[in-house]
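Just so you know, these numbers use all the heavy atoms, side chains as well, and skip hydrogens, waters and symmetry mates.
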Amino acid sequence: MPEVGGSHPVDSRVNDFAFKIGTVNGTGSASANSLLMQAIFRMGIPVTGKNVFPSNIQGLPTWYEIRVSRDGYTARPEEVDLVVALNPATYAKDVASVRPGGYLLYDSSWPLDDSLVREGITILGIPFGKMCVESFEGDRERTLLRNIAYAGALAALLEIDMDVIGEMLREKFSKKRALLDSNFRAIRLGFDYAKAHYDCPLPFRLERMNATSDSILIDGNAAAALGAVYAGATVGAWYPITPSTSLMEAFKEYCERFRVDPVTKQRKYALIQAEDELAAAGMVIGAGWCGARSFTSTAGPGISLMSEFIGLAYYTEIPGVFFDIQRTGPSTGMPTRTQQGDLLSIAYLSHGDTKHIALFPANPEECFYLAVNAFDLAERFQTPVFVVSDLDIGMNDWMCKRFAWDDSYRPDRGKVLGPAELDRVQKFARYTDVDGDGVAARTLPGAHPRGGYFTRGSGHDKNAAYTEDSADYLEVVDRLSRKLATAATAVPAPEVHNQSDDRAAEIGIISLGGCHSAVLEAVDRLRADGHSVDYMRIRAFPFPPSVQAFINAHKCCYVVEQNRDGQLRSLLAIETGIARDRMTSILDYGGLPLTADRVVRGVLGENAATHTPRYSGVGTVAATAARQR
């Protein structure tokens, strides 16, 4: 079929472009999309994928976005060079998302409405559906193999190594000869048609590199689950909720490999699906009180339900780890979209004066390492600890460095009195601060008769006895405050990218979690255009002292986050005492992963949040940003 629509000249680019595939949920496109991304990865090229999918099981639109970046950038681009449009219901949106000079590939088995033809892009048609009807039998097989056919066409258009694709198909279907043959035929259908009818490759294409040999592809939930295993977690309790369910499923898979006695086949772990999130939190706390390393995974609605038990664990000082894979709220919200809307609720979850340790991974690699940190911090400070991720990190595959592990690691159990220590104690006072750091020693049930005490969520004194006396109550809650102040010096320090060691830059950018990849790219763009920019990524709460020092050192600070109300900015103002108007919000909360373009525009004052930016150095960055967009 001939090309449709006008085209603009496109500079030839190698290993630096983005494309996305628009299909219908439930039609089996995930396997083809994964095949494409992993083939590019195996060619040694840095790549990342974002799955934008609906919350129903079948029938609604879904997109898979793949970005290839020889420089290793992983943030989602705002516009793409190529769209594969296989869902007629989204043709208009798909055509609009192609950048000027880009390409749209659609299934020409059905006509494309003339009103959707757009100047400035090239439209390519391949009759995937018709070819599969003629080549395969059965509606289901034809539907599934249509996806493999478009993968073959993309292999021709982008120069994806067909030997790599063949190797992957043989790995997957080696024991299923009929499926292997049909997949190879489908790949060749798309590949041969594209080669015969179009100039291949397109102006943007792939070329082998050697930039992935020390990397893996993994999603954040799987990485966090593996971290929990390595940290020594033995109890998991949860209630299924998107986007966190796969974390506990991965934990079960890892435990079946590593926590089953090879001789007796006895499972050395407990995994419980509770009747709701509140019950799951109670199970985690009960197991933590008994001395097990326990955790749950949930999302915003589950966090809300767990509030009462979180307050109990804070006040009675029982360790437990809570993975919050944030999604779009409020209420049910959009379960399959990403956001950072739980920051304030996590920090002070439950009624009364509470404050909690929270860790903010930026990618799956940190999900692994911070999971281990979380269990150590929970036991060291005898308190709930939150690992606050999001859907983008948790459910999408990211390219990460291979995980490294120190075999000499031993869990930090904190101040736990064993039988020998309790033999020397005349009277055990559960909530007495001996060392001045706010952390009292605990005992485990059954360790020694002298270590017994009554665990209560009602008012209690330093001996764990019930009280309604103001002085006794104040002694306990003030010590809890000191304990969290100590924790601020023990949590992971922020990651700071200063442009110069000699002086602070003109612009300071602050962010956390899943915003990191977009902010890093935006910082590179701004610096390349001659602007002085420092960047601090917050990794934990309570904030270490260096967070306040960074803000004080910069006249102009931008706080980048993915929620409507500037929750991180509010937390910074509350905890540091720095006035809110000294910090300018850059907010993005529509449910899609943050882009570097959005950050650049925010710094330049274009479409920024309602807080007026005070940085006036727009100059040539605006023109550069316009060209990049």
Side-chain angles (χ1 to χ4, degrees), residues 20-34 37 48-67 74-78 80 83 86-87 89-90 93-94 97 147 217-225 238-250 277 296-305 323-343 345 361 363-364 367 387-398 513-515 517-518 561-564 588-595 598:
K20 74 176 179 179
I21 302 139
T23 59
V24 177
N25 197 36
T27 57
S29 59
S31 296
N33 298 336
S34 178
M37 180 173 170
T48 188
K50 307 290 186 186
N51 191 15
V52 181
F53 61 101
S55 57
N56 78 328
I57 296 174
Q58 187 169 353
L60 291 179
T62 183
W63 291 270
Y64 193 75
E65 303 176 355
I66 294 178
R67 181 179 184 183
T74 58
R76 183 181 71 89
E78 285 195 352
V80 294
V83 172
L86 298 176
N87 181 4
T90 62
K93 182 179 289 187
D94 292 336
S97 67
N147 301 311
L217 290 175
I218 191 170
D219 64 81
N221 285 352
W238 97 113
Y239 184 81
I241 183 172
T242 303
S244 71
T245 299
S246 62
L247 196 159
M248 200 61 75
E249 292 172 343
E277 287 90 348
T296 188
S297 60
T298 190
I303 290 292
S304 297
L305 289 171
F323 290 91
D324 177 23
I325 316 303
Q326 297 171 101
R327 70 189 207 187
T328 304
S331 188
T332 303
M334 296 190 292
T336 59
R337 296 293 184 267
T338 196
Q339 207 174 67
Q340 295 175 323
D342 299 346
L343 304 181
S345 59
N363 49 51
C367 287
V387 181
V388 187
S389 179
D390 61 45
L391 183 146
D392 178 32
I393 298 172
M395 295 192 71
N396 284 323
D397 286 333
W398 293 57
C515 296
S517 57
E561 52 187 307
Q562 290 184 278
N563 56 71
R564 183 194 67 186
D588 191 89
Y589 47 91
L592 297 176
L594 183 67
T595 68
R598 176 69 188 93

Do Glu78 and Thr595 pair up side chain to side chain, a donor and an acceptor below 3.5 Å, judged on atom types alone? yes
Working note: Cys367 + Ser389, criterion side chain to side chain contact (heavy atoms under 4.5 Å, CB included); need CA distance, chi angles, decisive distance, verdict. CA-CA 8 Å; Cys367 287; Ser389 179; 4.2 Å; yes
Could you report the tightest heavy-atom contact between Gly49 and Tyr64, atom names first, then the distance? CA-OH, 3.7 Å
Apply side chain to side chain contact (heavy atoms under 4.5 Å, CB included) to the pair Leu592 and Arg76, showing each step before the final yes or no. CA-CA 9 Å; Leu592 297 176; Arg76 183 181 71 89; 3.7 Å; yes
State, yes or no, whether a side-chain contact exists between Ile21 and Ser29 at a heavy-atom distance under 4.5 Å. no
Of Asp392, Leu594, Leu343, the residue whose pairing with Gln562 passes side-chain contact (heavy atoms from CB on, under 4.5 Å): Leu594
Closest approach of Ala222 and Ala250, non-hydrogen atoms and distance? CA-CB, 4.0 Å
Kindly compute the distance separating OH (Tyr239) from OG1 (Thr298), expressed to the nearest 0.5 Å. 10.5 Å
With rounding to the nearest 0.5 angstrom, report the CG to OG1 distance, Asn33 to Thr23. 6.5 Å
Can you name the closest pair of heavy atoms from Phe323 and Ala224 and give their distance? CE2-CB, 3.8 Å
Does Asp94 offer a backbone N or O that forms a donor-acceptor pair with the side chain of Ser97 under 3.5 Å? yes
Say you draw a straight line from CZ of Arg67 to OG1 of Thr48; how long is it, rounded to the nearest 0.5 Å? 9.0 Å
If you compare all heavy atoms of Pro364 against all heavy atoms of Gly220, which two are closest, and at what distance to 0.1 Å? CG-N, 3.5 Å
Do Asn87 and Trp63 have side-chain atoms, one donor and one acceptor, less than 3.5 Å apart? no
For Gly513 and Ile393 the tightest heavy-atom approach is C-CD1, 4.3 Å
So, using salt bridge (charged side-chain N to carboxylate O under 4.0 Å, His left out) as the criterion, who are the partners of Asp390 when residues are at least two apart? none
Is the closest side-chain donor-acceptor distance between Asp324 and Gln326 under 3.5 Å? no
Decide whether a cation-pi geometry holds between Lys50 and Trp398; the criteria are a distance under 6.0 Å from NZ or CZ to the six-membered ring centre and an angle within 45° of the ring axis. yes
Begin with the C-alpha distance, continue with both residues' side-chain angles, and end with the deciding distance and a verdict on side chain to side chain contact (heavy atoms under 4.5 Å, CB included) for Gln340 and Tyr589. CA-CA 8 Å; Gln340 295 175 323; Tyr589 47 91; over 6 Å; no
The reported gap from CE in Met334 to OG in Ser55 (rounded to nearest 0.5 angstrom) is 9.5 Å
Worked verdict on Val52 versus Thr62 for side chain to side chain contact (heavy atoms under 4.5 Å, CB included): CA-CA 6 Å; Val52 181; Thr62 183; 5.8 Å; no
Indicate the atoms forming the closest heavy-atom contact of Pro243 with Met395, along with that distance. CB-SD, 3.3 Å
Minimum side-chain heavy-atom gap Asn25-Pro61 below 4.5 Å: no
Check for a donor-acceptor pair, side chain of Arg327 on one end and backbone N or O of Leu391 on the other, with a separation under 3.5 Å. no
Rounded to the nearest 0.5 Å, what's the gap from CD on Glu65 to CG on Asn396? Could you check? 9.0 Å
Rounded to the nearest 0.5 angstrom, the CG-CD1 distance for Asp219 and Ile325 is 10.0 Å
For the side chain of Thr245 and the backbone of Ile241, is there at least one donor-acceptor N/O pair under 3.5 Å apart? yes
Could you tell me whether the side chains of Ser246 and Asn221 share a donor-acceptor contact shorter than 3.5 Å? yes
